[in-house]
Amino acid sequence: TVSISKHDEL
Amino acid sequence: MNVFRLIGDMSHLAAIIILLIKIWRSRSCSGISGKSQLLFTAVFTCRYLDLFTNFVSIYNTTMKIFFLASSYATIYLIFMKFKATYNRNHDTFRFELLIVVSVILALLINHEFSATEILWTFSIYLEAVAILPQLFMITKTGEAESITSHYLFALGSYRGLYILNWIYRYYVEGHLDWIAVLSGIVQTGLYCDFFYLYITRVMKGKNLTLPA
């Protein structure tokens, strides 16, 4: 599932 | 990081640089939609607010800084330095609508109802439709300079490559952000007819003239 705290994409 | 996302980011970077070169060298922003550039600047501004709070990597930070700086530079060139060459009468898409719909969607459909997360979601939805004023302008003028079509090809390809990146991350890392994926599919879909024209015409050295 998505880790919203770290959006690691540009 | 994976090869799809890296090539995607390079394609995005190339698009931004192609546009800056086109405007700077020709000293003109004719055929360029200032509204789309304003939307892209809003996308980067809302998405990269975590620039100083959420450190991911040197690459991530430098790319964010470059994207922010180059998008503000682009709107400066369009609306200030070369504003005499801006085709305001051809850039008539109602982009306010895109902003309002993206804001409402971001408030309704998001991963977490927090300021930064809603702004991030807004930037994702807005980016999906930000190219519409530019595509609308090309249908209105019926043609595009070849450099503008290269810009659009690079810009459209970037999110298409991100879709491959998301497929890779889903199967390899179990990572899935369905808001980004669905928006990315819509965004890439909007380029389909342009991609067809680009591949069947521009690649053969013809100009990108839309069937009237």
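A note on names: the letters A, B, ... follow the listed sequences, proteins ahead of strands, and every chain is numbered from 1.
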- Message: So which residue, B:T116, B:I179, B:D9, ends up with the most heavy-atom pairs under 4.5 Å with chain A?
- Response: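 Highest number of pairs under 4.5 Å: B:D9.
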- Message: If we define contacts as heavy-atom pairs under 4.5 Å, which of B:Y170, B:Y59, B:Y48, B:F44 has the most with chain A?
- Response: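 Going by pairs under 4.5 Å, I would pick B:Y48.
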- Task: Kindly give the heavy-atom pair with the smallest separation between A:H7 and B:D177, and that separation in Å.
- Result: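 A:H7 and B:D177 have their closest heavy atoms at CE1-OD2, 3.9 Å.
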- Task: Identify the two heavy atoms, one from A:L10 and one from B:M63, that lie closest to each other, and give their separation to 0.1 Å.
- Result: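 Answer, listing the atom of A:L10 first, then B:M63: CD1-CB, 3.5 Å.
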- Query: Could you give the distance from CZ (B:R5) to CG (A:D8), rounded to the nearest 0.5 Å?
  - Reply: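 One finds 5.0 Å between CZ of B:R5 and CG of A:D8.
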- Classify the side-chain pair A:E9/B:N165 by whether it contains a donor and acceptor separated by less than 3.5 Å. yes
- Message: Can you confirm whether more than 12 heavy atoms, excluding those of B:M80, are under 6.0 Å from its CE atom?
- Response: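 Atom CE in B:M80 is not crowded, with 12 or fewer foreign heavy atoms closer than 6.0 Å.
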- Whether over 12 other heavy atoms sit under 6.0 Å from B:I58 CD1: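 No.
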